[in-house]
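Scroll down for the structure; my scribbles are underneath it.
One-based numbering, in listed order, for ligands and for the atoms of each.
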Amino acid sequence: MTRRVSTTTDQADAWRGHARHLAEQLVATGDIHDPRWAAAIAETPRHHLVPISYRQDPAGAWAADEHSSGDDVSAALARVYSTATLVSAVRGGEAVSSSTKPDLMVRMLEALEIQDGMRVLEIGTGTGYNAALLCHRLSDQQVFSVDVEPELVATARERLAAIDLRPRLAARDGQTGCPDHAPYDRIIATCSLPAIPWAWAEQLQPEGLVLADVKLGPGAGNLAVLRRDGHQLRGRFTTRWAGFMAARTAPAVPGPRYAVTPVAAGASQRETTAPPQPWATHREAWMLAALRLPAGTVHGYALGPDNRAPRAGRLSAPDGSWCEVALDPREVSEPEAGSRRRLQEAGPTALWTLVEDAYRTWRAAGQPAWERFGLTATAEQTLLWLDQPGNALGRYQHRAGKRRWEPVRPPAGSDIART
Ligand SMILES: C[S@@+](CC[C@H](N)C(=O)[O-])C[C@H]1O[C@@H](n2cnc3c(N)ncnc32)[C@H](O)[C@@H]1O
């Protein structure tokens with residue numbers, strides 16, 4: 001399919017070679033199996049939908065890259081038609097929208113098992129690139145996409161129309177779906193949520209699929225594909241991990257984002273064998289930790305005073321509690337200490353003790369990978385389970401006022417209960 005791209009340069013078609021190359025590369029890496037998605041990547045002008053992207057330097061400053069003009073258009077196009085995420089909107093120093101990595105995007109689209117004739121709702125229009133891929137595979141009339149930012153929707157609508165694509169777009173909080181055009185055969189979210197909103201289940205056809213990034217806490221969860229089965233949604237996490245920006249209930253506003261919390265003094269010290277940065281190295285265990293940690297717990301790193309390099313994994317909670325675990329295992333008293341690391345913990349909540357409990361639970365269950373975890377959602381609650389729905393580990397209540405994950409006591413005799 002040929003798309004018209006508005007550009008004034010003699011090299012108006014230069015992008016096509018780059019796009020074709022990206023499609024071939026995604027087939028070679030096994031990210032694309034269906035030639036129809038390869039055609040969508042090869043024939044969709046990402047540079048037109050993302051004419052400018054932003055890069056952040058180590059000091060936090062953002063610089064803009066233009067993709068259709070400038071000294072080296074070819075280098076710019078090579079970056080656009082690569083597997084890079086392109087940050088496309090920055091507000092108050094924070095990225096509020098981006099065009100997702102194309103390799104991840106096509107893996108998600110293939111996981112959705114989209115067939116001819118299906119109607120698909122996307123939550124998180126952003127640049128409109130993913131909506132354009134969907135339009136290429138289906139048709140404009142079968143694609144619906146919403147974003148909480150009216151400005152992004154207006155821009156995406158204009159750019160999509162310039163390449164003759166007219167999916168139905170709307171500016172709204174996608175957590176309520178888009179009832180105006182329901183039912184859908186598929187719902188895909190390109191922002192993360194603590195649980196799948198029940199409104200989506202109500203807008204899905206029987207047997208319909210939903211794919212979303214379910215994060216129980218910051219960085220704690222993964223993409224999940226759930227199928228509607230009567231009055232519930234059920235499915236599992238995907239093998240590979242991904243992380244999307246969190247869904248907002250209203251357009252982002254610039255301004256201070258972090259509350260200053262009190263910091264408890266008087267840390268106690270001991271050693272720990274749990275990994276110091278589970279959010280990066282042991283993500284399944286980190287998800288179990290999120291069931292236990294207080295709401296609002298923030299993770300990150302303590303930096304070395306001399307070189308400003310990460311020195312310790314760090315958690316802090318709204319009640320002032322904090323802990324730091326040295327990244328370097330040699331920071332313990334005995335040289336032969338193996339994987340033991342120095343831990344400092346302070347405040348009313350023993351944060352690291354909760355992480356250690358989650359890590360022990362995960363190890364006792366045989367260090368399960370993502371695909372052993374699943375979710376079952378009903379109108380009232382979502383359960384997180386291991387291996388089978390009866391083996392629930394966590395519960396999220398959908399009713400207002402209770403929207404928070406909490407651990408479920410494992411049944412006596414289960415592997416998890418024997419920890
Ligand atoms: C990773 S970007 C989306 C990428 C997009 N699919 C593309 O192809 O460019 C995530 C988007 O989710 C949007 N978003 C955040 N919260 C939302 C919500 N509650 N409802 C709908 N969209 C939301 C953001 O404004 C942002 O544009």
Next on the checklist: With a sphere of 6.0 Å drawn around CD of E406, does it hold more than 12 non-hydrogen atoms of other residues, nucleotides or ligands?
Outcome noted: yes
Checklist entry - With only distance considered, is E149 within less than 3.5 Å of ligand 1 through an N or O on each side? => result no
Checklist entry - Is D173 in polar range of ligand 1, meaning some N or O pair under 3.5 Å apart? => result yes
Checklist entry - After noting the C-alpha distance and the side-chain angles of W62 and Y54, does the key distance pass the ring-ring contact (aromatic ring centres under 6.0 Å, His included) rule? => result CA-CA 6 Å; W62 292 93; Y54 300 87; 7.1 Å; no
Next on the checklist: Pairs of nitrogen or oxygen atoms closer than 3.5 Å, one from T100 and one from ligand 1: do any exist?
Outcome noted: no
Checklist entry - If you count the atoms of ligand 1 from 1 in the order shown, which ones are under 4.0 Å from a heavy atom of L152? => result 25 (O), 27 (O)
Item to check | Side-chain ion pair, E207 and R228, N-O less than 4.0 Å | outcome: no
Next on the checklist: Would G174 count as a polar contact of ligand 1, with the cut-off being nitrogen or oxygen pairs under 3.5 Å?
Outcome noted: yes
Next on the checklist: Could you check whether any heavy atom of M105 sits closer than 4.0 Å to an atom of ligand 1, since that is the contact criterion I want to use?
Outcome noted: no
Checklist entry - Just wondering, are more than 12 heavy atoms of other shown residues or ligands nearer than 6.0 Å to NE2 in H21? => result no
Checklist entry - Counting heavy atoms only, which of L193, L134, V148 comes nearest to atom 23 (C) of ligand 1? => result V148
Checklist entry - Do G124 and ligand 1 have an N or O pair less than 3.5 Å apart? => result yes
Item to check | E284 bridged to R372 by N-O distance under 4.0 Å | outcome: no
Checklist entry - Can an N or O of T249 be found at a distance shorter than 3.5 Å from an N or O of ligand 1? => result no
Checklist entry - Under 6.0 Å from the six-membered ring centre of Y129 and within 45° of its axis: does the NZ or CZ of R46 meet both? => result yes
Checklist entry - Out of E122, Q175, M245, whose heavy atom is nearest to atom 6 (N) of ligand 1? => result E122
Next on the checklist: For T125, state whether at least one heavy atom is located under 4.0 Å from any atom of ligand 1.
Outcome noted: yes
